[in-house]
Trainee: 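Dropping the structure in here first, questions after.
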Amino acid sequence: MQNINGIVSVEINNKIALICLDNPPVNAASQALRDGLQKALIWASSQNDIGVIVIYGAGRTFVAGADIKEFGKQPLAPFLPDLVNEIEQAEIPVISVLHGTALGGGLEIALGTHARVGIEGLKVGLPEIHLGLLPGAGGTQRTPRLCGIPAALDMILSGRHIHAQEALEMGLIDKLYDGQPRDVAMEAAQEVLIGKLETHRTDQIITKSNNVHLDEVEARLLQTHSHLFSPHKCIEAVRACSLPIEEGLRIERQAFEECMETPQRAGLIHAFFGERSVSRVPESKIAPRQVEHIGIIGAGTMGSGIATTCLMAGLRVTLIENVQENLNEGTAKVKRNLQDSVKRGKLQAENLSKTQSLLQPALGIEYLDQVDLVIEAAFEDMDIKKEIFRKLDSVCKAGAILASNTSYLDINQIAAITSRPQDVIGLHFFSPAHVMRLLEIVVGKKTDPAVTATGFSLAKKLRKVGVKAGVCDGFIGNRILAHYRKTAAYLVLDGAHPQQVDQALESFGFAMGPYKVTDLAGLDIDWMTRRRKAPTRPKEERYSGEIADRICESGWFGRKSGQGYYLYKGRDIHTNPDIDAIINAERQKAGITVQKFNNKEIVKRYMTAMISEAVRVLEERIAARPLDVDMVFLFGYGFPRHRGGPLHYADTLGPQELISRIETYAKEDSHYWKVPDMLRQMALDGTKFSDLNG
Ligand code: 3HC
């Protein structure tokens, strides 16, 4: 055994050289791995009488891609594209054994080898597009040579994981085996030596150009993804695959480097690592409590969605209502949700009836005496919640966790009604709860750290992104939303049209503009909130709800009532012509001189308001790190992923720009627009939000 550099080793076995890559956790192709692999190839080729070289991975996977941590830094030799070319041009046949996931640069290493064999359970893919990139080590040139342009393009533009059998049928891999990577490596190598497994060079395959298909795909992309950079570059690179490979690789390299320079790439990589580090909180070192049986109070949209997500994770659920009819409706809703999940490919059809059998509907809280965790999803009213928690306190077993799904109420007040405030926590799901990935884990003053740890372990079980939040009205997400939504309302009062505000923000990248979102959520919800907050609204605050109030008074509650800011006919959405009269009347009543806002100005004000409230949320420690705010917005509020989240985006503007914007807007409304102290301090000492994520 020749240990090359602690990550890569070579074993010689008769005429076979076995190169083992061992760079946990996912064998990322870091500089050390590339260097080790290059040296291992040179060393193996220099040994006497070697008939075949095999590359395989130790641990749970073959190479899962280039090392993403290196992106954005000075690239270090040996470079992956050169290494793949060296493998391809080797005189001794080189083959690769793929297990786990062979993704991105990992698959590209394999594409440079002269045969690829897979192990059952393997998934391959070129997911670079999700990072704002394109396959930059030959993937756009060798994949079409092996599978044809349409299949390669689909793979590159979707970034999807492809199962072993499909990879075999596509011609991406040559043969499938069962067994451990080293054993398969030996078996496949012996087959090469006796001519049973053929080897070939992918670069010598000629691909016919298919411009019609490429043009069609590009035209579709222009309609759906015109704001994203890398999909267009992927097409440009794939177009080059019918050129001589050196030329194609040069074009691919150039396109890859252009993608690497974009803020979209930086935003998407921030999202990738943020999703993984957001659960790294001090409490994650503490053992969580055991949770197998969950009680859910309230079988409305929220409760039935939460029940669905728990059932899909294999947890037993007791669903509580106090009226039989509501319970029946809720149970039916859960069943529909589960059937939808089968259709969406999130639940296997053969598991449907077993999953349904984990649901136990019941009338009355007294049925929750044996559950490990309760999630209360009843009406948003403090008195109702207190009553429920009082009952839970007397019914639930010792050590059971009592959680509320409230979206803004004070968890400390709810906890104080019980004799066990240490067991009380907020678990704030987002609607539809079986689809949306965000879970705010709201930690009260007295919440036991083990209860917080359980919140995070539950989030993981439910495949949610758990984010720790402190207690305030609206926690992280809804608190910030309540603030920046006022900007949208002020813009409309002062001269913009709701549809223009939506268009401006959709072209910034939001999945939906704020007026489409409120129409979907139901205008009555915000109306109720405005009335709740009316008594505590500061006198100096400019009221932002007049137009919305008039709309609600007309009985228009958005999508569910057929009209709101828009008109709804079936699934179609149209302009609501009656809105203009309401807006104009309110402007006149308030004596407003109508201003013109272009889309850029709308985005500027909206984003500045969002960022300034996000900074206050950090100042008050409602969110511990900027990345917590970012993940809340990416996974719960349709924030454009390629912009990384509000505070990652704020770093691209810098504190000074934000301060000068706020100071300008404050000339119109000095109560609403205030510069947070933290932002001033950051401007003074040159701190970025990314510096505060450690
Ligand atoms: N580089 C660096 N670190 C990586 C990584 C990569 N390519 N892939 C995963 N990791 C890290 C994760 O950050 C995580 O670290 P942590 O434990 O410190 O949080 C750890 O490896 C484990 O990852 P996951 O938690 O995601 O583990 P899973 O088992 O859930 O998923 C996976 C494994 C499917 C491999 C998933 O990690 C994944 O999709 N990784 C990214 C794959 C990818 O995008 N590859 C393409 C890279 S770009 C490229 O190759 C460019 C080339 O064309 C030139």
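Counting starts at 1 for both ligands and their atoms, following the listed order. For clarity, every value in this text was computed on a predicted model and none was experimentally measured. Only heavy atoms go into these numbers, but all of them, side chains included; no hydrogens, no water, no symmetry mates.
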Trainee: Does the distance from a Lys or Arg side-chain N to an Asp or Glu carboxylate O, for Lys73 and Glu70, drop under 4.0 Å?
Mentor: no
Trainee: Starting from atom 40 (N) of ligand 1, find the nearest protein heavy-atom neighbour and note its residue, name and distance.
Mentor: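 Looking only at protein heavy atoms, the one closest to atom 40 (N) of ligand 1 is Phe272 CZ, 3.6 Å.
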Trainee: Within the structure, does Leu133 bring an N/O atom to less than 3.5 angstrom of an N/O atom in ligand 1?
Mentor: no
Trainee: Would you verify whether the NZ or CZ of Arg643 falls within 45 degrees of the ring axis of Phe639 while also being under 6.0 Å from that six-membered ring's centre?
Mentor: no
Trainee: Centres of the Tyr637 and Phe430 rings: under 6.0 Å?
Mentor: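 Yes, they do, as the ring centres are separated by less than 6.0 Å.
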Trainee: Just by modelled atom types, is the Arg116 backbone N or O under 3.5 Å from a matching donor or acceptor in the Asp174 side chain?
Mentor: yes
Trainee: Salt-bridge test for Arg34 and Asp67: reply yes if a basic N is under 4.0 Å from a carboxylate O, no otherwise.
Mentor: no
Trainee: Kindly determine whether Phe633 and Phe510 satisfy ring-ring contact (aromatic ring centres under 6.0 Å, His included), including the steps that lead there.
Mentor: CA-CA 10 Å; Phe633 277 83; Phe510 275 94; 8.3 Å; no
Trainee: Got a salt bridge between Asp340 and Arg344, using NZ or NE/NH1/NH2 to carboxylate O under 4.0 Å?
Mentor: no
Trainee: Please list, in number order, the atoms of ligand 1 under 4.0 Å from a heavy atom of Pro135.
Mentor: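 Matching atoms, with element in brackets: 53 (O).
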Trainee: What protein heavy atom sits nearest atom 3 (N) of ligand 1, and how far away is it?
Mentor: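 In this structure, atom 3 (N) of ligand 1 has Lys69 NZ, 4.0 Å as its nearest protein heavy atom.
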Trainee: Please state whether the rings of His642 and His227 are parallel, tilted or perpendicular, taking 30° and 60° as the class boundaries.
Mentor: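 Geometry flag for His227 against His642: tilted rings.
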Trainee: Under 4.0 Å and counting heavy atoms only, is there anything from the protein next to atom 15 (O) of ligand 1?
Mentor: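 So atom 15 (O) of ligand 1 lacks protein heavy-atom neighbours under 4.0 Å.
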Trainee: Less than 4.0 Å between a side-chain N and a carboxylate O, is that true for Glu11 and Arg182?
Mentor: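 Looking at Arg182 and Glu11, the cut-off is met.
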Trainee: Would the His225 and His232 ring centres measure less than 6.0 Å apart?
Mentor: no
Trainee: Short N/O distance, under 3.5 Å, between Ala64 and ligand 1?
Mentor: yes
Trainee: Which residue holds the protein heavy atom closest to atom 5 (C) of ligand 1, what is that atom called, and what is the gap in Å?
Mentor: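 The closest one turns out to be Val26 CG2, 3.7 Å.
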Trainee: Which of the listed options, His130, Glu108, Glu252, Glu128, holds the heavy atom that is closest to atom 48 (S) of ligand 1?
Mentor: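 Residue with the shortest heavy-atom distance to the ligand atom: Glu128.
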Trainee: In terms of residue, atom name and distance, what is the protein heavy atom nearest to atom 20 (C) of ligand 1?
Mentor: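 Checked against all protein heavy atoms, atom 20 (C) of ligand 1 sits closest to Pro25 CG, 3.6 Å.
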Trainee: Identify, for atom 28 (P) of ligand 1, the protein heavy atom at the shortest distance, and state residue, atom and that distance.
Mentor: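 For this ligand atom, the closest protein heavy atom is Arg60 NH2, 3.3 Å.
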Trainee: Quick check on contacts: which atoms of ligand 1 are under 4.0 angstrom from a heavy atom of Leu131?
Mentor: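 Answer, ordered by atom number: 44 (O), 47 (C), 48 (S).
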Trainee: Do Phe256 and Lys233 have side chains that get closer than 4.5 Å, going by heavy atoms?
Mentor: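 Sidechains of Lys233 and Phe256: no contact.
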Trainee: Sequence neighbours excluded, which residues qualify as salt bridge (charged side-chain N to carboxylate O under 4.0 Å, His left out) partners of Glu218?
Mentor: Arg239
Trainee: For ligand 1, is any non-hydrogen atom under 4.0 Å from Ala66's backbone (N, CA, C, O), its side chain (CB onward), both, or neither?
Mentor: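 Both backbone and side chain.
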Trainee: Distance to 0.1 Å, residue and atom name: give those for the protein heavy atom nearest to atom 25 (O) of ligand 1.
Mentor: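 Minimum-distance protein heavy atom for atom 25 (O) of ligand 1 reads Arg276 NE, 3.9 Å.
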Trainee: Hey, is Phe62 touching ligand 1 through its side chain, its backbone, both or neither, going by heavy atoms under 4.0 Å?
Mentor: neither
Trainee: So, for atom 30 (O) of ligand 1, does the protein have a heavy atom nearer than 4.0 Å?
Mentor: no
Trainee: Starting from atom 2 (C) of ligand 1, what is the nearest protein heavy atom, named by residue and atom, and what distance separates them?
Mentor: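 Checked against all protein heavy atoms, atom 2 (C) of ligand 1 sits closest to Asp67 OD1, 3.2 Å.
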Trainee: Just which atoms of ligand 1 are under 4.0 Å from any heavy atom in Gly136?
Mentor: 53 (O), 54 (C)
Trainee: Using a 4.0 Å heavy-atom threshold (strictly under), name the region of Arg280 that reaches ligand 1: side chain, backbone, both or neither.
Mentor: side chain
Trainee: For atom 39 (O) of ligand 1, what is the nearest protein heavy atom, given as residue, atom name and distance?
Mentor: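 Here the closest protein heavy atom is Leu103 CD1, 4.0 Å.
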Trainee: Is Asp630 paired with Arg625 through a side-chain N to carboxylate O contact shorter than 4.0 Å?
Mentor: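 No, this pair does not count.
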Trainee: Is the contact between Thr61 and ligand 1 made by the side chain, the backbone, both, or neither, using heavy atoms and a 4.0 Å cut-off?
Mentor: neither
Trainee: Using a strict cut-off of 4.0 Å, indicate which atoms of ligand 1 neighbour a heavy atom of Phe71.
Mentor: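 Those qualifying, in numeric order: 48 (S), 51 (C).
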Trainee: Answer yes or no: does atom NZ of Lys460 have more than 12 heavy-atom neighbours from other residues, nucleotides or ligands under 6.0 Å?
Mentor: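 At most 12 heavy atoms, drawn from other residues, nucleotides or ligands, come within 6.0 Å of this atom.
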Trainee: Are there protein heavy-atom neighbours of atom 42 (C) of ligand 1 below 4.0 Å?
Mentor: yes
Trainee: Mind checking whether Leu80 has an N or O less than 3.5 Å away from an N or O of ligand 1?
Mentor: no
Trainee: Under 4.0 Å from a heavy atom of Phe273: which atoms of ligand 1 are those, numbered in the order shown and with their elements?
Mentor: 13 (O)
